[in-house]
Amino acid sequence: MENCNQTSTDFVLLGLFPSSRFGLFLFILIVLIFLLALFGNLSMILLIFLDIHLHKPMYFLLSQLSLIDLNYISTIVPKMAYNYLFGNKSISFTGCGVQSFFFLTLAGAEALLLASMAYDRYVAICFPLHYPTKISRRVCVLMITGSWIMGSINSCAHTAYALQIPYCRSRAINHFFCDVPAMLTLACMDTWIYEYTVFVSTILFLLCPFIGIVCSYGRVLHAVYCMNSAEGKKKAYSTCSTHLTVVTFYYAPFVYTYLRPRYLRSPTEDKALAVFYTILTPVLNPVIYSLKNKEVMGALRRAIQRICSVKT
């Protein structure tokens, strides 16, 4: 085993891009995706804030999802792009801890917020008469606040553990961001206890919300099946399919990555899966929710009309 070194030296992120033309193509593609994610999520936040027709609990939750995604992708891609452009793959010990903290906070908050959005749709479709009382603005604020607080507490525990353990001479993290399980492969001590902690956290923050979402949409689909209105069925199916698409892209790679034992994981596969929940999901959320939602598209048309009328 390598000699232990507990000093606060820099880590090295081996990154995602190979040193080839394909690596350059991949870099340009991810930067474009990053810019689209920034534009899309900022547009959703501003649109929901400015259009009075979207001042509803569903869109309030959606604006928070866009805010999380905006910060989520910004936590990872700029540093990754900087390292590639300048050929400097290092990240400070403190910087690694900060990146890990924000990543875990935002990931946990998004997982819980998606479950809250599923509950919102469940109440709206299955109990429409009780919707104003069950999903009030106060309830929305509590769900959002709870998501942020629980995500932060989970993140603090994992980050604190990762920063206090001794690391060996090698500081090369085979990932494109400071993912705690990837960091712990460099530890000078047995981390089997922490692996059980990751397993428990994955169940609490990913598997349980996912099961809750599946159960709620099972009830929703049953309620939709019993509807007499064809238009109501179409709208409900559209809303459900939209949310389930987002949920699948987010939860599936996350759960598959973190529920596997270490001996079944490979760095290459982990990095490929991480692209889904760190880069692709933040750009897909605003696209899916806007293109498949008539109210959002209507608000977008009104905003464009107002801009055109001001220019003329």
Side-chain angles (χ1 to χ4, degrees), residues 40-72 106 108-152 205 208-224 227 229 231-247 250-251 281-282 284-303:
N41 286 292
L42 271 174
S43 298
M44 285 294 289
I45 293 168
L46 290 172
L47 199 62
I48 293 168
F49 177 75
L50 294 173
D51 196 295
I52 194 169
H53 298 89
L54 300 182
H55 290 182
K56 301 174 183 178
M58 173 184 172
Y59 298 109
F60 183 46
L61 293 171
L62 181 55
S63 69
Q64 290 299 308
L65 180 64
S66 291
L67 179 63
I68 289 174
D69 282 337
L70 189 66
N71 288 282
Y72 197 22
L106 294 163
E110 177 156 345
L112 297 175
L113 186 63
L114 287 171
S116 299
M117 293 174 71
Y119 176 70
D120 169 78
R121 292 300 85 204
Y122 163 70
V123 175
I125 295 171
C126 296
F127 304 99
L129 297 178
H130 299 284
Y131 184 77
T133 54
K134 285 182 175 288
I135 308 291
S136 62
R137 191 171 185 85
R138 178 176 174 273
V139 172
C140 284
V141 170
L142 287 174
M143 289 192 294
I144 291 165
T145 305
S147 298
W148 280 99
I149 290 174
M150 292 180 70
S152 299
F205 282 85
C208 287
F210 180 71
I211 292 171
I213 290 170
V214 171
C215 291
S216 67
Y217 277 110
R219 293 289 302 274
V220 166
L221 291 174
H222 180 265
V224 169
M227 283 181 177
S229 169
E231 183 64 28
K233 283 185 178 182
K234 185 179 178 181
K235 184 177 180 181
Y237 279 130
S238 177
T239 303
C240 292
S241 63
T242 298
H243 197 163
L244 285 173
T245 302
V246 174
V247 165
Y250 187 74
Y251 283 97
T281 300
L284 287 174
N285 282 348
V287 173
I288 291 171
Y289 277 106
S290 60
L291 293 180
K292 297 196 70 175
N293 191 298
K294 291 182 179 179
E295 290 182 308
V296 173
M297 292 303 293
L300 183 60
R301 282 193 294 270
R302 288 190 293 272

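These numbers come from the heavy atoms of this one structure, side chains and all, not from hydrogens, waters or symmetry mates.
- Residues that satisfy the side-chain contact (heavy atoms from CB on, under 4.5 Å) test with Ser43, not counting sequence neighbours, are Phe39.
- Interatomic distance, Leu50 CG to Leu47 CG, rounded to the nearest 0.5 Å: 7.5 Å.
- Between Tyr131 and Pro57, the closest heavy-atom pair is OH-CB, 3.5 Å.
- Residue pairs meeting the ring pair (Phe, Tyr, Trp, His ring centres under 6.0 Å) criterion with at least one member in residues 41-62: none, sequence neighbours excluded.
- By the 4.5 Å heavy-atom criterion applied to side chains, Met58 and Arg121 are counted as neighbours.
- Between Cys126 and Val220 there is a side-chain heavy-atom pair separated by less than 4.5 Å.
- The shortest distance between side-chain heavy atoms of Leu54 and Glu295 falls below 4.5 Å.
- Of the possible polar contacts, none joining the Asp120 side chain to the Ile135 backbone as a donor-acceptor pair under 3.5 Å is found.
- In this view, Arg137 satisfies the salt bridge (Lys or Arg N to Asp or Glu O under 4.0 Å) rule with no residue, not counting sequence neighbours.
- In this structure, the side chains of Leu65 and Asp69 come closer than 4.5 Å at one or more pairs of heavy atoms.
- Atoms CE and CZ, from Met297 and Arg301 in turn, are 6.0 Å apart once rounded to the nearest 0.5 Å.
- Ring geometry for Tyr251 against Phe210 counts as tilted: the plane angle lies between 30° and 60°, on a 0 to 90° scale.
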Exercise. Begin with the C-alpha distance, continue with both residues' side-chain angles, and end with the deciding distance and a verdict on side chain to side chain contact (heavy atoms under 4.5 Å, CB included) for Met117 and Leu62.
Key: CA-CA 8 Å; Met117 293 174 71; Leu62 181 55; 4.2 Å; yes

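- Minimum interatomic distance between Thr281 and Glu110 (heavy atoms only, all atoms of both residues): CG2-OE2, 3.8 Å.
- Nearest heavy atoms, Ala118 versus Ile213: CB-CG1, 3.7 Å.
- To the nearest 0.5 angstrom, Ile211 atom CD1 is 12.0 Å from Ser216 atom OG.
- To the nearest 0.5 Å, atoms CG (Leu106) and OG (Ser152) are separated by 8.5 Å.
- Leu142 contributes atom CG, which lies 10.5 Å from atom OG of Ser116 (distance to the nearest 0.5 angstrom).
- Atom-to-atom distance recorded for Leu112:CG and Ile68:CD1 is 9.0 Å, nearest 0.5 angstrom.
- Looking at Tyr72 and Leu67, their side chains never come closer than 4.5 Å, going by heavy atoms from C-beta outward.
- Counting only heavy atoms from C-beta outward, the side chains of Ile144 and Leu113 approach each other to under 4.5 Å.
- Taking the side chain as every heavy atom from C-beta outward, Ser66 and Asn285 never approach each other to under 4.5 Å.
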